[in-house]
Chemist: 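Quick one: the structure is below, and I'll ask about it shortly.
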Amino acid sequence: MGAASQATTWGRALWALLLATLGSAASQPLGAESVCTARPLAKYSLTFTGKWSQTAFPKQYPLFRPPAQWSSLLGAAHSSDYSMWRKNQYVSDGLRDFAERGEAWALMRELEAAGEKLQSVHEVFSAPAVPSGTGHTSAELEAHARHSLVSFVVRIVPSPDWFVGVDSLDLCDGDRWREQVEVDLYPYDAGTDSGFTFSSPNFATIPQDTVTEITSSSPSHPANSFYYPRLKSLPPIARVTLVRLRQNPRTFVLPPPGPLGGGNEITDSLSGPETPLDCEVSLWSSWGLCGGPCGKLGAKSRTRYVRVQPANHGTPCPELEEEAECVPDNCV
């Protein structure tokens, strides 16, 4: 009887241990995500810096109607069960409106709904638009252990449906908050408009495509505004820097002085990389009439024109006119 009782006790203990192990495993996020246990709340300063200069991106660089610029920034601090956008996935209706036209109302409603129903969005934040390709703008945001991820989008203006942003950037590292995070940003296509150039007219993608990164060789079409076949990769078109703000009951310490500032200021773009842009010419025209005196060889010519002027030490343009000998059609 004693042996049976002891066996029963051991069995209950093992069962309790198994349940505890399974419960602990079930509480972990899916995949390789780590659990954030940092305390207390953390406040951050976010600075978005545009690096979209004519030197770095000379092809079809928008100079007017409208010139190169950035939309307002819209973002959220959220948990892992919410996604504002994700590479290789379809965008929501709200993000489509934002990427195509810069309209934020539908996206704001989606963020509010995620916060109210799913409790997955802790805070929505925004920053003013930047009226130049090389300015900066800033915002402040708050994160805590359950909502330690940050996502945001900024529309490239003008463009069909192109944007930059971050997807679920984690500000937490185990039991502590990251003091500073800096990420280079590259252009993405929302997959809802099929335009190739900054100023392309509206041309809906049917059926809708997923979010894809725009690179120097993809889409592999010479008309694409970001097509630079000589480059292995595009230079960063923007950068985001998040700095943790120190706070206590009496003082509020800002990050040390440096290039980060507030507002939506325009900055000098001369320090950016130089991207070489090769000359592009049209096909040759048809040969003209052959002219000349009777009994002698005459001459005919054909021409071509410059499609893209070279920039930043790119390959210069070849000859635009060519002549060849011929037998006159109507000699004089």
Side-chain angles (χ1 to χ4, degrees), residues 46 48 50-52 57 59-62 66-76 78 82-114 120-121 124-130 133 137 149-169 183-221 223-228 233-240:
L46 179 151
F48 172 87
K51 293 180 171 292
W52 184 21
F57 299 90
K59 187 175 183 180
Q60 304 168 4
Y61 188 79
Q69 58 190 275
W70 300 96
S71 77
S72 57
L73 179 151
L74 184 60
H78 59 89
Y82 172 78
S83 173
M84 176 179 281
W85 68 276
R86 187 148 294 166
K87 185 178 178 180
N88 298 326
Q89 293 188 10
Y90 296 102
V91 299
S92 65
D93 291 342
L95 191 50
R96 178 199 61 205
D97 292 347
F98 186 86
E100 289 188 7
R101 299 183 296 274
E103 298 176 0
W105 296 111
L107 184 55
M108 285 287 294
R109 287 196 295 269
E110 291 173 358
L111 288 166
E112 291 173 359
S120 56
V121 172
V124 177
F125 58 88
S126 63
V130 181
T137 187
L149 307 180
V150 169
S151 297
F152 71 81
V153 287
V154 184
R155 180 175 181 251
I156 298 173
V157 183
S159 75
D161 60 342
W162 302 341
F163 68 95
V164 299
V166 296
D167 166 33
S168 302
L169 175 65
V183 180
D184 286 333
L185 305 177
Y186 299 89
Y188 281 89
D189 187 321
T192 62
D193 192 293
S194 297
F196 273 124
T197 66
F198 295 119
S199 58
S200 291
N202 185 43
F203 184 45
T205 302
I206 301 175
Q208 181 178 332
D209 203 353
T210 58
V211 175
T212 55
E213 183 176 355
I214 301 173
T215 70
S216 60
S217 58
S218 179
S220 58
H221 195 292
N224 185 3
S225 295
F226 287 111
Y227 184 69
Y228 295 95
S233 61
L234 290 174
I237 196 171
R239 176 176 295 166
V240 63

Chemist: Are W52 and P62 close enough that some pair of their side-chain heavy atoms sits under 4.5 Å apart?
Modeler: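 Answer yes - side chains close enough.
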Chemist: When you compare the side chains of S218 and T215, does any donor N or O come within less than 3.5 Å of an acceptor on the partner?
Modeler: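 The criterion, which ignores hydrogens and geometry beyond distance, is not satisfied for T215 and S218.
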Chemist: Nearest 0.5 Å, please: how far is CZ in F48 from OG1 in T137?
Modeler: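 Rounded to the nearest 0.5 Å, the OG1-CZ separation comes out at 8.5 Å.
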Chemist: Dump the intermediate steps for side-chain contact (heavy atoms from CB on, under 4.5 Å) on F125 and L46, then the final yes or no.
Modeler: CA-CA 10 Å; F125 58 88; L46 179 151; 3.9 Å; yes
Chemist: Report the C-alpha separation of L149 and L169 in whole Å, then their side-chain angles, then the decisive distance to 0.1 Å, and conclude whether the side-chain contact (heavy atoms from CB on, under 4.5 Å) test is met.
Modeler: CA-CA 5 Å; L149 307 180; L169 175 65; over 6 Å; no
Chemist: Are the side chains of P66 and P158 in contact, using a 4.5 Å heavy-atom criterion?
Modeler: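 A side-chain contact under 4.5 Å exists here.
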Chemist: State whether a side-chain donor-acceptor pair under 3.5 Å links T205 with S194.
Modeler: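 Checked: T205/S194 side chains pair up, N/O donor to acceptor below 3.5 Å.
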Chemist: Answer whether the closest heavy-atom distance between the side chains of P219 and Y227 falls below 4.5 Å.
Modeler: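 Counting from C-beta outward, P219 and Y227 never come under 4.5 Å.
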Chemist: Would you call V153 and L73 a side-chain contact if the rule is heavy atoms closer than 4.5 Å?
Modeler: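 They are not in contact (no side-chain heavy atoms under 4.5 Å apart), so the answer is no.
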Chemist: If I compare all heavy atoms of H78 with all of S151, which pair ends up nearest, and what's the gap?
Modeler: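 Answer, listing the atom of H78 first, then S151: NE2-OG, 2.8 Å.
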Chemist: Taking all atoms of both residues into account, what is the closest heavy-atom pair of G165 and L185, and its distance?
Modeler: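 Scanning both residues completely, I find the closest heavy atoms to be O-CD2, 3.6 Å.
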Chemist: What I'd like to find out is whether the side chain of F226 reaches to under 4.5 Å of the side chain of K59, using heavy atoms alone.
Modeler: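 Counting from C-beta outward, F226 and K59 never come under 4.5 Å.
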Chemist: Under the ring pair (Phe, Tyr, Trp, His ring centres under 6.0 Å) test against F198, which residue among W162, F57, Y61 passes?
Modeler: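 Of the listed residues W162, F57, Y61, the ring pair (Phe, Tyr, Trp, His ring centres under 6.0 Å) partner of F198 is W162.
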Chemist: With a 4.5 Å cut-off on side-chain heavy atoms, are L74 and V124 touching?
Modeler: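 Counting from C-beta outward, V124 and L74 do come under 4.5 Å.
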Chemist: Nearest 0.5 Å, what's the CG-CD distance between L107 and E112?
Modeler: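 Between atom CG of L107 and atom CD of E112 there are 10.0 Å.
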Chemist: Supply the atom-to-atom distance Y188 OH to D161 CG, rounded to the nearest 0.5 angstrom.
Modeler: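 Rounded to the nearest 0.5 Å, the OH-CG separation comes to 14.0 Å.
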Chemist: Once rounded to the nearest 0.5 Å, what's the spacing between atom CZ of R96 and atom OH of Y90?
Modeler: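 Nearest 0.5 Å value for the CZ-OH distance: 14.0 Å.
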Chemist: Could you walk me through whether N202 and D193 satisfy the side-chain contact (heavy atoms from CB on, under 4.5 Å) test, starting with their C-alpha distance in whole Å, then the side-chain angles of each, then the deciding distance to 0.1 Å, before giving a yes or no?
Modeler: CA-CA 7 Å; N202 185 43; D193 192 293; 2.7 Å; yes
Chemist: Please report the closest heavy-atom contact between R101 and R155, naming both atoms and the distance.
Modeler: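 Smallest heavy-atom distance, with atoms named: N-NE, 3.9 Å.
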Chemist: Are D167 and M84 close enough that some pair of their side-chain heavy atoms sits under 4.5 Å apart?
Modeler: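 The answer is no; the side chains never approach within 4.5 Å.
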Chemist: Can you confirm whether the side chains of Q208 and T192 place a donor and an acceptor under 3.5 Å from each other?
Modeler: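 Side chains of Q208 and T192: no pair found under 3.5 Å.
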Chemist: Begin with the C-alpha distance, continue with both residues' side-chain angles, and end with the deciding distance and a verdict on side-chain contact (heavy atoms from CB on, under 4.5 Å) for S168 and R86.
Modeler: CA-CA 9 Å; S168 302; R86 187 148 294 166; 3.0 Å; yes
Chemist: CZ of F98 to CH2 of W105: how many Å apart, nearest 0.5 Å?
Modeler: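 CH2 of W105 is found 12.5 Å from CZ of F98.
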Chemist: Mind checking the CZ-CD1 spacing from F196 to I214? Nearest 0.5 Å is all I need.
Modeler: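 Taking CZ in F196 and CD1 in I214, the distance rounds to 10.5 Å.
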Chemist: For G133, does its backbone N or O pair with a side-chain atom of Q69 as donor and acceptor, under 3.5 Å?
Modeler: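 No.
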Chemist: For residues A76 and L111, report the shortest heavy-atom separation together with the two atoms involved.
Modeler: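 For A76 and L111, the tightest heavy-atom pair comes out as CB-CD2, 3.8 Å.
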Chemist: Could you pull out the closest heavy-atom pair between G50 and W70, with the gap in Å?
Modeler: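 It is CA-NE1, 3.6 Å.
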Chemist: Donor-acceptor pair, S92 side chain versus L95 backbone, under 3.5 Å?
Modeler: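 Indeed, once roles are kept as given, a pair shorter than 3.5 Å links the two residues.
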Chemist: For a quick test of reading the model, state the closest non-hydrogen atom pair linking E110 to D93 and the distance between them.
Modeler: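 Scanning both residues completely, I find the closest heavy atoms to be OE2-N, 3.7 Å.
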Chemist: Under 4.5 Å between any side-chain heavy atoms of F163 and D189, yes or no?
Modeler: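 No - every pair of side-chain heavy atoms lies 4.5 Å or more apart.
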Chemist: Side chains of Q60 and S225: any donor to acceptor distance under 3.5 Å?
Modeler: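 Short answer, yes.
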